[in-house]
Protein chains: 2
Amino acid sequence: MARAQRDTRTLVEQLRDDIIALISDEQLKPGDQLPTEQTLTETFGVSRPALREALKLLEQDAVIRVERGKGRFITAGATVRVERPITVFESVTQMVRRYGYEPSTRVLSTAEVPADEEVAEALRCPVGEPLVRLERLRLNRDVAILYCVDFVRRSLVPGRLYDTDWSGSLVELMGSRGARPVMSTAHASAVLLPEDVAARNDLRDFGPALLITETCFSADGEPVIYALDYHRGDAFSFSFVRK
Amino acid sequence: MARAQRDTRTLVEQLRDDIIALISDEQLKPGDQLPTEQTLTETFGVSRPALREALKLLEQDAVIRVERGKGRFITAGATVRVERPITVFESVTQMVRRYGYEPSTRVLSTAEVPADEEVAEALRCPVGEPLVRLERLRLNRDVAILYCVDFVRRSLVPGRLYDTDWSGSLVELMGSRGARPVMSTAHASAVLLPEDVAARNDLRDFGPALLITETCFSADGEPVIYALDYHRGDAFSFSFVRK
DNA sequence: GTGAGGACACCTGTCTGACAACCTCGAAGC
DNA sequence: GCTTCGAGGTTGTCAGACAGGTGTCCTCAC
């Protein structure tokens, strides 16, 4: 009862964050014991089930470890955190801005193409399905930092291709069409720009690229965008936690 | 009570997996409603608190979404899964094997070096701290696929450097020293092999490399290994989920 | 004095029952 | 036809209780 209800989050989520704050405040280190359930319920003024749900979340997050009959203990996961990991979904546009770039976008080409096997599998559509293929380049102060190829189902973007503004965030665009991507599966590898692309766009000095091949899904689980993003090697570095 | 107790996992964890199985069995799709708490407690023969803890875990995993007063619904996260994502910690040795390679390891150099600023910050030790610098190459059928540089505190591997077998998994080695890494923070970027390394080891044709810079932590939260792993671009591709 | 055993306190795991807050939808009243 | 109200369904939260594992300390037998 000792708890403000302004917060729209559920009690459990507040509790989870409160406990993290407590670990930080008390400077608890890996191996240290967390206060017992009874103590915590009293400190936070909540019931045991609510507290236990919050603790369970932290346990799944590898922040704490539980030993029956003994107690709960801080693990290494409590100290190992990274800001804005690549595993949090965001649009390429957002990501680029977050890196401090304010890029201009150059639309290299838009075309209606039939789905080949690779794209068809990713977008779960028949081979030959009409798609829009979008080819773009993002430049920061006239330096190309990102070369992107995107595929979306033609049926999701009806109308004439040149009536649409393709220079903004594709995620936003799909969002306005009622199919906003909210998560994705991705693969990362290191490549060079395709030879013809480098030649056509004067990108010989692009250097090694981090290629992220990403299939974006909308809230109803439908694949919406299939994207190949070539990140200039010396312009991007992605972080993540492994546990 | 309808539940086998052989399983050493806690009831909640079994429940979480049971619910995932149920989603799969019933072929529930994103947007579909999950059975209500009451229904689920009856089908699984468990209490509501236990069930709720399991549901909370799935909620955190973005498998389900809850709307108060309405019910729980499947989200895209239920369908979007990836096997063996890069976000699960494992040793480089394990990872390479998982890719189907059976590489030989060539130890290029071992040396005792003082920590420079970059490494000192990662390993949270003073600049100048004595470290072991280990330089290795992994070859698959005589093709170099991975070039690794590792740093560990000298104090963790006492004894003469050449008395230690450095050709195996460094994670295992540290494990036998009581400091087994269990998680890490990592950064990925695309680079070329350092010029001198390529020259010295006849690696001109290595091509673009996916560089993963990783700090590995032991269970007690101490940084144990600082590693630079250059993955040959055409030999590796890492997958992960973003949500 | 010493070692083995048991009683007990402490902790987490699980269950039961209850009430509050929120949503939907239909029926009653206007 | 429209609005209002209320009943029923669903999740959010709480209180209390018992079960089972762990560690400690005391006692008792030797």
Side-chain angles (χ1 to χ4, degrees), chain A residues 1-19 22-23 26 28 31-75 78 219, chain B residues 1-19 22-23 26 28 31-75 77-78:
Chain A
M1 332 271 171
R3 171 153 292 285
Q5 289 299 341
R6 310 270 170 84
D7 211 323
T8 56
R9 295 174 305 168
T10 69
L11 178 58
V12 172
E13 274 137 22
Q14 297 176 45
L15 269 176
R16 180 196 52 199
D17 296 343
D18 286 348
I19 297 170
L22 180 135
I23 292 174
E26 304 281 328
L28 297 179
D32 289 354
Q33 182 166 7
L34 202 66
T36 65
E37 294 184 359
Q38 186 178 356
T39 308
L40 289 173
T41 54
E42 289 165 2
T43 325
F44 295 123
V46 299
S47 71
R48 214 176 138 212
L51 176 76
R52 280 181 57 84
E53 285 184 28
L55 290 170
K56 203 82 193 175
L57 293 183
L58 293 176
E59 197 187 329
Q60 178 172 253
D61 249 6
V63 171
I64 59 178
R65 158 181 55 88
V66 50
E67 288 183 38
R68 185 168 187 187
K70 297 172 73 174
R72 291 191 163 81
F73 302 86
I74 314 291
T75 68
Chain B
M1 335 275 166
R3 172 154 291 284
Q5 289 300 341
R6 308 272 170 84
D7 210 320
T8 57
R9 294 175 305 168
T10 69
L11 179 58
V12 172
E13 274 138 22
Q14 297 175 47
L15 269 175
R16 180 197 50 200
D17 297 343
D18 286 349
I19 298 170
L22 180 136
I23 292 174
E26 305 281 330
L28 297 180
D32 289 354
Q33 182 166 7
L34 202 66
T36 66
E37 292 184 1
Q38 186 178 356
T39 309
L40 289 174
T41 54
E42 287 164 3
T43 35
F44 293 125
V46 299
S47 71
R48 211 177 142 214
L51 177 75
R52 280 181 57 86
E53 284 185 29
L55 289 170
K56 203 80 193 176
L57 293 182
L58 294 176
E59 196 186 329
Q60 177 172 255
D61 251 5
V63 171
I64 59 177
R65 159 181 53 89
V66 50
E67 288 183 37
R68 184 168 187 184
K70 296 173 73 175
R72 290 190 165 81
F73 302 86
I74 314 291
T75 68

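All figures in this text were calculated on a predicted structure; none of them were measured in a lab. Below, chains carry the letters A, B, ... as their sequence lines are ordered, and counting in each starts from 1.
Ranked by how close their nearest DNA chain C nucleotide is to the 5' end, V66(A) and R48(B) are led by V66(A). In terms of position on DNA chain D, the residue among P49(B) and L34(B) whose nearest nucleotide sits closer to the 5' end is L34(B).
Taking atom CD of E13(A) as the reference point, atom C1' of dT13(D) lies 14 Å away to the nearest angstrom. If you take CG of L51(A) and C1' of dC11(C), they are 13 Å apart, rounded to a whole angstrom. Rounded to an integer number of Å, the gap from CG of L15(B) to C1' of dG13(C) is 12 Å. Rounded to a whole Å, the CG atom of L11(B) is 14 Å from the P atom of dG20(D). Atom NZ of K56(A) is separated from atom P of dT12(C) by 12 Å (rounded to the nearest Å). Atom-to-atom, CG of L55(B) to C1' of dT11(D) comes out at 10 Å; the value is rounded to the nearest Å. The CD-C1' distance, from Q38(B) to dT11(D), rounds to 12 Å in whole Å. Atom CD of E53(A) is separated from atom P of dC14(D) by 10 Å (rounded to the nearest Å).
V63(B) is listed as a side-chain neighbour of I23(B), based on a closest heavy-atom distance under 4.5 Å. Using a 4.5 Å heavy-atom threshold, the side chains of E13(B) and K56(A) count as touching. The side-chain heavy atoms of L55(A) and L51(A), taken from C-beta on, include a pair separated by under 4.5 Å. Taking 4.5 Å as the limit, every side-chain heavy atom of Q33(B) sits out of range of all side-chain heavy atoms of R72(B). Looking at E53(B) and E59(A), their side chains never come closer than 4.5 Å, going by heavy atoms from C-beta outward.
Taking only side-chain nitrogens and oxygens, R65(B) never comes nearer than 4.0 Å to OP1 or OP2 of dT11(D). Listed pair R72(B) / dT10(D) fails the phosphate criterion, with no side-chain N or O lying under 4.0 Å from OP1 or OP2.
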Task: Contact letters for nucleotides 21-26 of chain D, in which S counts primed atoms plus P, OP1 and OP2 and B counts the base, heavy atoms under 4.0 Å - done: BSS---
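With dT13(D), dT11(D), dC11(C) as the choices, the nucleotide that has an atom nearest any side-chain atom of E37(B) turns out to be dT11(D). Of the candidate nucleotides dT12(C), dT14(C), dA15(D), dT14(C) has the atom lying nearest to any side-chain atom of V12(B).
In this structure, the side chain to side chain contact (heavy atoms under 4.5 Å, CB included) partners of E42(A), at least two apart in sequence or on a different chain, are Q38(A).
Across every non-hydrogen atom of L15(B) and A54(B), the tightest pair is CB-CB, 3.6 Å.
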